[in-house]
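Written below as structure tokens is the structure these notes are about.
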Amino acid sequence: QVQLVESGGGLVQPGGSLRLSCAASGSIFSIHALSWYRQAPGKQREQVATITDGGGTYYPDFVKGRFTISRDSAENTVYLQMNDLKPEDTAVYFCNALISDFLSQRRSTYWGQGTQVTVSS
């Protein structure tokens with residue numbers, strides 16, 4: 001059993017910054033990849049950043065240069081630094097992890113419950 005808990009969301013003005021955190025806990029043998037997704041009302045969930053166990057990162061063009069993903073492996077925590085936020089960034093942000101269970105070593109994806117980010121003046 002693995003749990004992911006996001007934090008750091010809130011209300012910010014356009015052009016401002018936020019840092020989101022996601023802590024993974026439970027029966028973790030290895031974390032293979034960590035990602036952030038977001039979903040606004042009436043829209044499908046979209047990927048905003050990924051970091052692999054080798055340290056490689058992926059960003060779609062609409063956040064490239066503004067968002068940075070990083071992780072602290074010792075604490076099983078992933079971060080998303082968001083700069084120059086725009087109203088269209090308003091969404092619930094979800095943490096996603098590809099994890100091997102400690103006992104079974106089964107690879108599974110897990111989702112956090114989400115944290116709200118609102119960009120408004």
Side-chain angles (χ1 to χ4, degrees):
Q1 298 179 357
V2 174
Q3 296 82 40
L4 275 60
V5 179
E6 303 98 335
S7 62
L11 175 64
V12 65
Q13 295 189 89
S17 298
L18 285 173
R19 189 176 78 151
L20 306 182
S21 300
C22 172
S25 62
S27 183
I28 298 171
F29 177 77
S30 180
I31 300 177
H32 305 286
L34 293 159
S35 298
W36 289 95
Y37 289 73
R38 70 186 186 188
Q39 188 166 24
K43 298 182 179 179
Q44 68 180 37
R45 191 168 296 186
E46 61 184 354
Q47 186 179 12
V48 298
T50 296
I51 187 165
T52 69
D53 55 359
T57 57
Y58 163 80
Y59 306 95
D61 287 341
F62 64 86
V63 305
K64 195 170 297 181
R66 298 190 298 127
F67 292 7
T68 302
I69 189 169
S70 62
R71 68 176 174 186
D72 182 343
S73 296
E75 299 295 329
N76 290 333
T77 301
V78 63
Y79 304 94
L80 184 68
Q81 178 67 45
M82 304 186 293
N83 298 323
D84 191 26
L85 284 162
K86 307 175 185 298
E88 52 264 41
D89 294 319
T90 296
V92 177
Y93 283 70
F94 297 90
C95 181
N96 172 272
L98 177 60
I99 292 174
S100 290
D101 180 82
F102 184 80
L103 292 177
S104 68
Q105 298 192 11
R106 166 187 167 89
R107 288 193 180 195
S108 300
T109 57
Y110 299 88
W111 291 93
Q113 294 300 306
T115 185
Q116 177 71 46
V117 172
T118 302
V119 185
S120 176
S121 60

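Just so you know, these numbers come straight off a predicted model, no measurement behind them.
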Side-chain donor/acceptor of [X] to backbone N/O of [Y], under 3.5 Å:
X    : Y    : result
Q13  : S121 : no
Q113 : E6   : no
T90  : V119 : yes

- Task: Under the salt bridge (Lys or Arg N to Asp or Glu O under 4.0 Å) rule, collect the residues that match up with R66, sequence neighbours excluded.
- Result: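 For R66, the residues satisfying salt bridge (Lys or Arg N to Asp or Glu O under 4.0 Å) (neighbours in sequence not counted) are D89.
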- Query: Residues in salt bridge (Lys or Arg N to Asp or Glu O under 4.0 Å) with D84, at least two apart?
  - Reply: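 Salt bridge (Lys or Arg N to Asp or Glu O under 4.0 Å) check on D84 returns K86.
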Please list, chain by chain and in numerical order, all residues satisfying side-chain contact (heavy atoms from CB on, under 4.5 Å) with [X], sequence neighbours excluded.
X   : answer
A23 : T77
V2  : L4, I28, I99, Y110
S35 : Y37, Q47, T50, N96

- Query: Which pairs, with at least one residue in residues 82-121 and sequence neighbours excluded, count as a disulfide (SG to SG under 2.5 Å)?
  - Reply: C22-C95
Taking only residues two or more places apart in sequence or in another chain, which ones pass side-chain hydrogen bond (donor to acceptor under 3.5 Å, both in side chains) with [X]?
X   : result
R71 : none
E75 : none
Q81 : N83
T52 : none

- Message: Suppose clustering is done on Ile, Leu, Val, Met, Phe, Trp and Tyr with side-chain heavy atoms closer than 4.5 Å. Which residues sit in the same group as L103?
- Response: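 Via sub-4.5 Å side-chain contacts, L103 links to F29, F102.
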- According to the side-chain hydrogen bond (donor to acceptor under 3.5 Å, both in side chains) rule, which pairs have a member within residues 21-34, sequence neighbours left out?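 Sorted pair list: S27-D101, H32-S100, H32-R107.
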- Query: Got a sec: does the CD of E88 have more than 12 other heavy atoms crowding it under 6.0 Å?
  - Reply: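 Buried by this count: over 12 neighbours within 6.0 Å.
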